[in-house]
*Asks:* 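This is the structure, below, for whatever I ask next.
Every chain is numbered from 1, with letters handed out A, B, ... down the list of sequences.
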Amino acid sequence: MAHEGHNALHDLLTVRGVTRRDFLKYCGSIAAALGMSETMAPQIAAALEGAPKLMPTLWLNGGSCTGCTESIAQVDSPDVATIVLDYLSTNYFETIMAAAGEQAEKQIEETIAEGGYIVIYEGSVMTGQDGNTLLVAGKKGTEILSEAARGAAAVIAVGSCAVDGGWVYGYPNPAEATGVQAWLNHEGITTPVVNLPTCPVNPEWIVAMVVQLLLVADRDVAAFVEKTEWVTRSYTDRKYGAVDLLMPKGIFGQSIHDNCPRRGHFENGEFVTEFGSKEEAMGYCLYKVGCKGPQTFTNCPVVRWNRRTSWCVEAGSPCIGCGGLNWVDNNSPFFHRLADMQMGDALGNVQPGSVGAVVGGVAAAALVAHGLGMKAAGRVGDGPPMEEMKKYDRKRLAKKGGDK
Amino acid sequence: MGSHAHYREAHPLVFVITHYINLICMIMLAFSGFYIHFPFFSAGFMGVARGMHFVAMYVILITLVFRIIAAFFVKTATQLGSREVDTDIKNWLPQAENKHQLFETVKYYLFFRKEGVISGKYGSLQKIAYLATIPLTFIQAYTGFAIYAPFMNAGIFASGIDMVGGPMNMRIIHYFGMWVFILFTMVHAYLANIYNFAPSKIIFLWKETLPEGKH
Amino acid sequence: MARAVIDPVTRIEGHLRVECEVTDGVVKDAWVSGTLYRGMETVMLDRQPEDAFYVTQRICGVCPISHSHASSMSTEAALGIEIPNNARLIRNLLEAAQFLHSHILWFYTLAALDFVSPINALSANIADTYALAQAAGTRVADFGAIAKRLTAFAENGQLSFLGGHYWDHPGYVLPPELDLIATAHYLEALEMQAVANEVVAVIGGKFPHPMTSVPGGTAFVPTEQKLDDILFRFTRLKDFIDTALIPDTLAIAPFILETTTYGGGCGNFLSWGVFDSADRDPYNRFLPRGFVTGGLTAEEVGPDDVTEYVEHSWYDSASGLNPAKGETSVNFDEYNVDNKYSYGKAARCKEKPAEVGPLARMVAAYVYEAGGKTLVEDTSVRTPKALIDLTLEALGVAGKPEVLVSLLGRIAARNLEAAYVVDLALMWVNELVGAIKGGDSSYFKARESFDGQGAGLWEAPRGSVGHWIDIKNNKIQGYQVVAPTTWDIAPRDAAGVAGPMEQALIGAPVFDVERPLEMLRIAHSFDP
């Protein structure tokens, strides 16, 4: 069986003009992205070659900007990536598929009926206006997600919107967006969900997860979940309560700050204080202009973006923490070290530093005023006249003694 | 109150030393903490600031544990202006009579009451404030560790981070914790020295102030 | 009489429904519905202006750069900042890279499959394909290998993203050899659009959602190595545009000439203008501002000329407001083409529906050039009028620019614009190098004010984008976006006048209401 599969893929590779060397190199980069040793490359190749048939995939767009689709179009070495993606038979993929309308919707129905597929979900789950904030083919977006997820082997939630609602969930969340896991919890659907935040998703991570599913688990999702190293991040959705999110540890286990090429400048106290400045040209640390690298957990500095061309910090911008949960509320204002606290309509959004300074200032002023009061009351110096001794004081003194 | 004597029995040497350690560490923590929060000068200081911050916190934690244990063994004065001593913990923890004194003390400081309130070595409010610094120190240690890379993925810290809604919120809590300490220190220094500087003389210089008329 | 419906319209950004009433094979009436509401404008309230730069670009994953520029420009207008010249050049380069990315991706990946059948390409004769490529002046590839690759793909039995489509529709008229060439370039275009985005990544860190054009200038400071990376990639893109995109357009056009007879739309063209010149005058932008409503004249136009109507949209806020006073209060009712049927507001310019996008920009530029205006001093740059005249000549309709106002014209305009933009980009790289050599090291200007109102009017690849901001005490009090798609997919307004895409659909032939390929082509031509 595996042998036949091997031949089939080998032929496929050959006709697509991909050399074995290229392919193994690619498998090596996948291994690196997964945090595995590159010596695993041959095993990854074997897993890819051993699989008999393209895995059917539904790529669903929720309340999305299509940015995650755009992002996957930027993945490295398209020929090889195309194989991995062709390897997934993307039966439904709104942004690139040929069919439209009724013919497109039929693709979903048929895939669900056949089973054994995975769902890749991009964009927020739109529950506002009773689920009518997203309509596709006259159906609520939430219904489409539930139907597809119920029979899926696994769901990959790509991009922050799919993970927890992303910016759309930002206060006051007018469209009542939420994340895939929160919605599936609400619907009682237990299909495992792999979460890949950041806005948009880094395409290397999707590829890594897909290959992981094929490599480690031979398409067995239970084995995939068991054998991959995960971190669980938890948060509380304002509408659907506590949610636990499964994320691959190799990608989301370390902070950006710890892997940042500019970290040396942080330790040396060399900072950019103004954009587009001489300090920026020297690659100094962006911490003072609000970089959220210290509290954001992705391997962006290692994997980088757009075929390893660059990443946000290299271009001179502070990290805005798009890989964090509820990232807009938790990280804005992006140019400040700490996030604003939302104090409701009366006070608006307030910086913790301002709160600290105000409270400190008020306390100092109050102490000065109190001190003047104490002086005016004639207590300063010798202190006030003392009260008559009370019964309980006498009791204590009788027990302990003291200067009577 | 102010005319009390201040004897060494109120603050035995060992506690004068722990007080010094706490003071120095607090200053180091506040200074380096604000620098880490926002580097207000650029002089290759971040590494030093972080090192200082960690060392000072470990020292404070160790001192705190020592101080708590010592409270069960060292004897301190039971009363202001008294050489009568008892186990320190009894003078530190609020006692039954303090609950009658609590609101009277508040009233006194708000000028609703003329006479000072008789109490032990520490007033009711003072005891509460000093006790509160213990959990507060532990909260600062916990929140600090939670945003410190080598510890943040450990279960006990990771779950706390999730609970408060992410590392950013943990950072903000840690930051506010600092402000609580700053407020404490302001009020503490003010109230201790409002009548005269005899309390500072004993705690810093270990120099006794005798009752009026005696020399 | 029959109803033809496409829901969802695929190969676009976002979610769209198109419904047409078809009588005797011709569209008599049309309704275009945006079916997603997210509420960006509400999310932005009470945050800081710089946050809007980062977050509002996430409205669109295909044109985030234009949104980010419009957002920063609105803040700069509100706070009275003029960005340094180097920042202007860098933003132009960033925008140009996105235009090239978007146009290449749009033509090959999104729109081509309405005309090109990769399945039909299977029966191509390889030798004839080479001959055809040579005759058309388009670049060759290893057509034999690609044909084999396609065959393997088709024989595999799983058509993946090509599955389920009506490839047997008689609208697929290209010879198999041309299908094969276009398919080969489809694959190459995937590579080239990513190359364009590598420029975005160099300047802005990543694509989508680059990070550099912060209010006040750019965070990015170019080094020699980075400039070299940028120049090299633009050179590659120019090569691809000149040897594939343009020749392919000209090779396919003769087979689909009937598409010049429909799909024209409302005939009002709006361009806010894009690619700033040194004097920052929107009428002197390299693609200048103007509103063309017929004839060879362009009117002046500004932020106050915009109104948005919600009579047919799922909002209960007041209708007929200018975005500076705009409100967004969503209230879904039901889908009813006689009443409310879209989350899109009906944006109107001087009370008229207005088409936006490459066709509108090229029309405006053509009108200015015909009136004697010089768009670019550098004579090595092929200007819009030169490109359009050459194309008309190649198609045998020289001197008749009005044929551009059609489905084919809208497709061609996009590709011709790409040729213009890539020339400009190469010019700007050299200009930037010159400026840096001359000692100009200014990229950012910090703001001194914390209050103000302003509008940032700019162009995305797909059309006019405007951001309106109201800042008080460093906090956003009001934020409104009129996105390109808002203009084109606008529903009916208070007077019942149909939007640009609706008008473009009306009068179009539909061969088969069950497989409305022509409707799909028109919807795609707007790149909604």
Side-chain angles (χ1 to χ4, degrees), chain A residues 12 15-17 54 63 65-67 70-71 74 78 86 89-91 93-101 103-104 106-107 129 132-138 167-168 170 172 174-175 199-200 274-276 280-281 305-307 309-312 314-317 320 328 332-335 348-349, chain C residues 5-11 13 15 35-39 42-43 46-48 50-51 54-55 58-62 109 113 145 148-149 152 158 160-165 190-191 194 197-198 201-209 211-212 214 217-221 330 332 443-444 446 475 520:
Chain A
L12 206 64
V15 298
R16 292 181 185 193
L54 307 192
C65 72
T66 319
E70 273 281 353
S71 196
Q74 314 305 320
D86 280 7
S89 177
T90 50
N91 295 349
F93 197 156
E94 265 188 53
T95 316
I96 64 160
M97 69 191 299
Q103 286 83 3
K106 214 175 271 169
Q107 294 279 98
Q129 304 288 312
N132 287 304
T133 37
L134 171 62
L135 297 169
V136 180
W167 71 257
V168 195
C199 182
E274 188 171 285
F275 294 109
E280 167 52 36
W305 288 74
N306 293 82
R307 306 149 166 233
T309 302
S310 188
W311 65 296
C312 305
E314 185 169 323
S317 168
I320 57 173
V328 171
S332 67
F334 299 119
F335 290 171
N349 296 347
Chain C
V5 178
I6 310 175
D7 184 9
V9 177
T10 55
R11 283 181 276 131
E13 183 270 316
H15 297 273
T35 58
L36 169 65
Y37 166 80
R38 286 175 294 170
T42 313
V43 173
D46 214 21
R47 300 184 196 271
Q48 297 194 3
E50 287 84 359
D51 299 343
Y54 282 113
V55 179
R58 285 161 162 88
I59 287 176
C60 174
V62 187
T109 315
L113 294 178
K148 254 194 207 164
R149 182 176 172 178
Q158 287 174 295
S160 193
F161 69 99
L162 297 177
H165 192 51
L190 279 176
E191 164 77 7
N197 280 335
E198 286 174 15
V202 170
I203 298 175
K206 71 184 201 297
F207 182 92
H209 308 323
M211 312 277 282
T212 206
V214 291
T218 61
F220 171 73
V221 176
V330 70
F332 178 81
Y443 299 90
F444 179 81
K475 292 284 164 67
L520 196 56

*Asks:* I'd like to know if the side chain of A:Gln74 reaches the main chain of A:Glu70, judged simply by a donor and an acceptor atom lying under 3.5 Å from each other, with no hydrogens or angles considered.
*Replies:* yes
*Asks:* Hey, which of A:Thr66, A:Val136, A:Thr133 has the most heavy atom pairs under 4.5 Å with chain C?
*Replies:* A:Thr133
*Asks:* For A:Gln107, is it the side chain, the backbone, both or neither that has a heavy atom under 4.5 Å from a heavy atom of chain C?
*Replies:*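 Only the side chain of A:Gln107 comes within 4.5 Å of chain C.
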*Asks:* Which residue out of C:Val214, C:Asn197, C:Leu162 racks up the most heavy-atom pairs below 4.5 Å with chain A?
*Replies:* C:Asn197
*Asks:* Can you name the nearest heavy-atom pair linking A:Cys312 to C:Met211, along with the distance?
*Replies:*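 Looking at all heavy atoms of both residues, the shortest contact is SG-CG, 3.5 Å.
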*Asks:* Using non-hydrogen atoms only, which part of C:Thr218 is less than 4.5 Å away from chain A: side chain, backbone, both, or neither?
*Replies:*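 Answer is backbone: N, CA, C or O of C:Thr218 sit under 4.5 Å from chain A.
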*Asks:* Which one, C:Thr109, C:Val55, C:Val62, leads in non-hydrogen pairs under 4.5 Å with chain A?
*Replies:*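 Greatest number of close heavy-atom pairs with chain A: C:Val62.
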*Asks:* Got C:Glu50 and A:Pro333 here, is their nearest side-chain heavy-atom distance under 4.5 Å?
*Replies:* no
*Asks:* Which one of A:Ala281, A:Gly67, A:Gly316, A:Gly101 has the most heavy-atom pairs closer than 4.5 Å to chain C?
*Replies:*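 That would be A:Gly101.
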*Asks:* Look at the aromatic rings of A:Phe275 and A:Phe335 and report parallel, tilted or perpendicular, splitting at 30° and 60°.
*Replies:* tilted
*Asks:* Examine whether an atom of C:Gln48 lies under 4.5 Å from a heavy atom of chain A, and if so say whether it belongs to the side chain, the backbone or both; otherwise answer neither.
*Replies:* side chain
*Asks:* More than 12 heavy atoms of other residues, nucleotides or ligands under 6.0 Å from NZ of A:Lys106: is that the case?
*Replies:* no
*Asks:* Between C:Tyr54 and A:Ser317, do the side chains contain an N or O donor and an N or O acceptor separated by less than 3.5 Å?
*Replies:*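 There is such a pair between these side chains.
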*Asks:* Heavy-atom pairs under 4.5 Å with chain A are the metric here; pick the option from C:Asp51, C:Leu113, C:Val5, C:Thr212 that has the most.
*Replies:* C:Asp51
*Asks:* Are C:Val43 and A:Val168 close enough that some pair of their side-chain heavy atoms sits under 4.5 Å apart?
*Replies:* no
*Asks:* Relative to chain C, which of A:Trp311, A:Trp167, A:Phe334 shows the most heavy atom pairs under 4.5 Å?
*Replies:* A:Trp167
*Asks:* Between A:Ala104 and chain C, with a heavy-atom cut-off of 4.5 Å, which part of the residue counts as in contact: side chain, backbone, both or neither?
*Replies:*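 Just its side chain gets close to chain C.
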